[in-house]
Amino acid sequence: MTRAHLPGILAMAAIVVASNILVQFLFGQWLTWGAFTYPLAFLVTDVMNRVYGTGPARKVVLAGFAVGVLCSLVGSQIQGEFGPLVTLRIAMGSGLAFLTAQLLDVAIFDRLRAGRWWRAPLVSTLVGSTVDTAIFFTVAFSASLAVLEPANDVAWANEALPLLGAGPAVPLWVSLAVADWMVKLSLALIALVPFRLIVARLTARPA
């Protein structure tokens with residue numbers, strides 16, 4: 001890891017910390033403010049991958065994972081209205097989702113890097129975001145995985161309600177997951193603009 005990679009590490013760390021803080025604040029009925037910052041992690045990974053390659057990109061992912069674990073440890077010691085801000089299931093789901101989705105993003109981007117400039121970041125982020133959302137919400141809230149933390153009552157997340165307030169009846173956590181996924185997909189498209197600009201700026205610098 002060289003000094004050139006440090007901005008990527010710092011950016012990833014900042015995004016992870018900010019997302020862990022902002023997830024505590026609601027945005028509407030189905031989202032938190034963290035839903036709008038967390039997807040930027042894919043932008044950082046993709047920029048690192050395009051400019052420096054898969055090795056540095058993976059190292060930035062691992063740095064973000066380490067920061068996320070630290071945030072979970074801190075959050076588990078802070079008591080909220082209904083118990084610790086970060087439960088074991090949330091910590092497990094967050095860590096597993098981040099590491100799996102980000103490393104998958106790196107691998108897919110690398111396979112597609114020779115194509116048109118937008119294809120690799122778009123496809124890798126769309127796939128990674130979908131996997132991230134599926135893993136996190138299932139591990140953290142699904143009633144079928146209650147064995148992971150029997151003392152953690154997630155009945156509130158499994159209350160049957162209309163999907164996003166208008167569709168068929170599903171567990172509440174499914175609506176939360178779908179809303180989160182939709183934000184990730186939207187930001188994947190929007191992030192193509194800063195991806196193009198940042199990559200152009202970094203690759204134009206003299207070696």
Side-chain angles (χ1 to χ4, degrees), residues 1 5 8-9 11-20 22-23 31-32 34-50 52-73 75-76 86-113 119-149 152 154 157 171 173-174 176-189 191 195:
M1 188 66 68
H5 305 151
I9 293 176
M12 180 66 81
I15 290 167
V16 171
V17 171
S19 298
N20 273 272
L22 293 174
V23 75
L31 295 166
T32 69
F36 299 95
T37 55
Y38 178 77
L40 297 177
F42 291 98
L43 172 61
V44 174
T45 301
D46 290 346
V47 168
M48 292 298 296
N49 205 341
R50 173 62 76 190
Y52 301 109
T54 57
R58 290 192 183 100
K59 290 178 180 178
V60 167
V61 168
L62 293 178
F65 175 73
V67 172
V69 170
L70 181 60
C71 288
S72 292
L73 289 174
S76 67
V86 178
T87 65
L88 176 61
R89 288 184 63 174
I90 288 177
M92 291 175 60
S94 178
L96 182 61
F98 179 88
L99 198 59
T100 303
Q102 291 293 327
L103 292 179
L104 181 61
D105 179 282
V106 172
I108 293 174
F109 189 106
D110 190 50
R111 291 289 298 271
L112 300 177
R113 70 168 59 248
R119 199 170 100 180
L122 181 60
V123 175
S124 63
T125 299
L126 291 178
V127 174
S129 296
T130 301
V131 170
D132 183 279
T133 299
I135 291 177
F136 173 73
F137 283 93
T138 301
V139 172
F141 302 119
S142 174
S144 63
L145 295 180
V147 66
L148 294 176
E149 191 180 12
N152 179 18
V154 293
W173 70 266
V174 175
L176 301 178
V178 170
D180 180 83
W181 178 67
M182 291 172 66
V183 170
K184 286 189 175 84
L185 297 191
S186 299
L187 290 180
L189 293 170
F195 172 84

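From a predicted model like this one, the values you see are computed outputs, not experimental measurements. Each residue takes its place number in the sequence, starting with 1.
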### Query
Ion pair present between K184 and D180, side-chain N to carboxylate O less than 4.0 angstrom?
yes

## Note on the structure
Nearest heavy-atom approach of L126 to A188 is CD2-CB, 3.8 Å

### Message
So T45 and M12, do their side chains get closer than 4.5 Å, heavy atoms only?
### Response
yes

### Task
May I ask you to test the F195-R50 pair for a side-chain heavy-atom distance under 4.5 Å?
yes

### Non-hydrogen side-chain atoms of D46 and D105 separated by less than 4.5 Å
yes

#### Entry: For the student: nearest non-hydrogen atoms of A11 and V44, plus distance
CB-CG2, 4.0 Å

### Task
Using a 4.5 Å cut-off on heavy atoms from C-beta on, say whether the side chain of L148 contacts that of L88.
no

#### Entry: Separation of I108 CD1 from L103 CG (nearest 0.5 Å)
11.0 Å

### Message
Using every non-hydrogen atom in the two residues, find where T133 and A177 come nearest and quote the distance to one decimal.
### Response
CG2-O, 3.3 Å

### Task
Looking only at non-hydrogen atoms, find the nearest pair between A191 and L43 and report the distance.
O-CD1, 3.8 Å

### Query
Do W181 and T130 have side-chain N/O donor and acceptor atoms under 3.5 Å apart?
yes

## Note on the structure
Smallest heavy-atom separation, M48 atom then P56 atom, equals CE-CB, 4.1 Å

#### Entry: Heavy-atom check, side chain of I90 versus side chain of S72, under 4.5 Å
no

### Query
Just wondering, do L22 and T32 contact through their side chains at under 4.5 Å, heavy atoms?
no

### Task
Evaluate the ring planes of F42 and Y38, with Trp represented by its six-membered ring, and classify them as parallel (under 30°), tilted (30 to 60°) or perpendicular (over 60°).
perpendicular

### Test item: R113 side-chain N/O and N49 main-chain N/O as donor-acceptor pair under 3.5 Å
yes

### Query
Between V106 and A57, which heavy-atom pair has the shortest distance, and what is it?
CG2-CB, 4.1 Å

### Query
Is there a side-chain contact between V16 and N20 (heavy atoms, below 4.5 Å)?
yes

#### Entry: Note, F137 side chain near S142 side chain (heavy atom, < 4.5 Å)
no

List, one per line, each side-chain donor-acceptor pair under 3.5 Å for residues 91-100, sequence neighbours excluded.
| residue | atom | partner | partner atom | Å |
| --- | --- | --- | --- | --- |
| T100 | OG1 | L96 | O | 2.8 |

## Note on the structure
Here the gap from N152 atom CG to T87 atom OG1, rounded to the nearest 0.5 Å, amounts to 4.5 Å

